[in-house]
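Report on the following structure.
Start at 1 and go down the list; that is how both ligands and their atoms are numbered. Here the structure is a predicted model, which is why all the values come from computation and not from measurement.
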Amino acid sequence: MRRKFVAGNWKMNKTISEARQLITELLLALKPLEDIDRAVCPPATALPIAARLLEGTGVGLGAQNMYWQENGAYTGELSPRMVAELCQYVIIGHSERRQYFGETDETVNLKVKAALTHGLTPIVCIGESLEENRAGKTAEVVSRQTREGLADLTPEEGARLVIAYEPVWAIGTGLAATAEDANAIHRDVVRPALTEMFGDEVAQGIRIQYGGSVTPENAAGFFSQSDIDGALVGGASLKAESFAAIARAAAGA
Ligand code: 13P
């Protein structure tokens, strides 16, 4: 049985004081939901206060990105050692990073390896664009992103991954994938690729989250599917009540 995992990707939202407020509200609502894994991924400036507020609560903390080098002349970047001082998780290869900041399957692979080396759990994002979807290339794209982003990992490393399938056309649009369609990608494309790379036992244990316009209204439908093991939530993670409602749906699934 895979333990459900709901994470909030705040993206470029919330100042330090806003983050303090949201986390304080969230903790009350999330604390009782101990049967699922819960995490928030605030912007980098809010990570220190978030780490302090979340310590000992059972709610995890993730960064939204990091570089793969340990230190050096890389202006503007955060290293895995810096992220690991504060966080347990790091989102890698989000489609917005691929789209606006030139990330590729190769850089995703370097970052995933660096995260694992430093004891972080990478939440590795994959997903096809609208154009690729319309051209019938979803399986091909998602399979390639999985194989190339996770290339050269051992089964032991594979066992420590979390994957987030986020179709780009569903992100921030209010047009979520149907639960059945998302589950079919998880079950028939992503997990078989993981099985080929890491073997069946490891692949069966890897959580595959769905992301893209997840709301309190549609969350339960996703979590009732065989291969949807949680959610990576954007917009609805910016309010305590909606994120908590999604987490409760996961806990009840
Ligand atoms: P939305 O939930 O706002 O569609 O964002 C999803 C996402 O990109 C999470 O990483």
Side-chain angles (χ1 to χ4, degrees), residues 4-14 18-19 22 26 36-44 46-47 50 60-66 83 87-101 103 108 111-112 115 120-130 132-133 138 141-142 145-146 149 161-179 181-183 185-186 190 207-223 225 228-250:
K4 292 264 190 305
F5 179 24
V6 173
N9 174 11
W10 295 6
K11 308 191 181 184
M12 198 174 72
N13 295 290
K14 305 292 179 188
E18 289 164 351
L22 177 53
L26 268 178
I36 62 164
D37 288 340
R38 305 135 287 167
V40 292
C41 304
L47 290 175
L61 182 62
Q64 297 175 14
N65 174 41
M66 63 171 208
V83 172
C87 299
Q88 302 79 47
Y89 300 98
V90 58
I91 299 172
I92 301 288
H94 191 280
S95 64
E96 288 148 17
R97 304 253 6 130
R98 296 179 191 251
Q99 190 180 346
Y100 304 129
F101 303 101
E103 297 204 10
V108 167
K111 291 181 177 198
V112 168
L120 290 158
T121 297
I123 301 174
V124 186
C125 299
I126 55 176
E128 82 286 1
S129 67
L130 181 61
E132 290 161 341
N133 183 283
T138 298
V141 169
V142 168
Q145 291 173 335
T146 306
L161 300 168
V162 173
I163 312 291
Y165 169 59
E166 302 202 310
V168 178
W169 46 269
I171 294 177
T173 59
L175 297 169
T178 67
D181 286 351
N183 192 51
I185 299 297
H186 292 207
V190 183
R207 271 93 57 90
I208 308 175
Q209 299 173 319
Y210 167 78
S213 298
V214 175
T215 63
E217 290 71 36
N218 64 21
F222 288 110
F223 301 140
Q225 299 290 321
I228 299 183
D229 308 314
L232 186 55
V233 184
S237 74
L238 297 175
K239 291 217 168 86
E241 197 32 60
S242 47
F243 187 62
I246 291 167
R248 280 194 296 272

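Distance CD/Gln145 to CD1/Ile163: 11.0 Å, rounded to 0.5 Å. The structure places OG of Ser95 at 3.0 Å from CD1 of Ile171, a figure rounded to the nearest 0.5 Å. The distance from atom OG1 of Thr138 to atom CG of Asn133, rounded to the nearest 0.5 Å, is 4.0 Å.
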Evaluate the side chain to side chain contact (heavy atoms under 4.5 Å, CB included) criterion for residues Tyr210 and Asn183: first the C-alpha distance (whole Å), next the side-chain angles of each, then the deciding distance (0.1 Å), finally the verdict. CA-CA 9 Å; Tyr210 167 78; Asn183 192 51; over 6 Å; no
Tabulating one pair per line, provide the atom names and distances (0.1 Å) for every N/O atom of ligand 1 that is less than 3.5 Å from a protein N/O atom.
residue	atom	partner	partner atom	Å
ligand 1	2 (O)	Gly234	N	2.9
ligand 1	3 (O)	Gly235	N	2.8
ligand 1	4 (O)	Gly172	N	2.6
ligand 1	4 (O)	Ser213	N	2.7
ligand 1	5 (O)	Lys11	NZ	3.2
ligand 1	8 (O)	Lys11	NZ	2.8
ligand 1	8 (O)	His94	NE2	2.7
ligand 1	8 (O)	Glu166	OE1	3.4
ligand 1	10 (O)	Asn9	ND2	3.0
ligand 1	10 (O)	His94	NE2	2.9
ligand 1	10 (O)	Glu166	OE1	3.1
ligand 1	10 (O)	Glu166	OE2	2.9

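Between the side chains of Trp10 and Gln64, not a single donor N or O lies within less than 3.5 Å of an accepting N or O.
Residues satisfying the ring pair (Phe, Tyr, Trp, His ring centres under 6.0 Å) test with Phe5, not counting sequence neighbours, are Tyr89.
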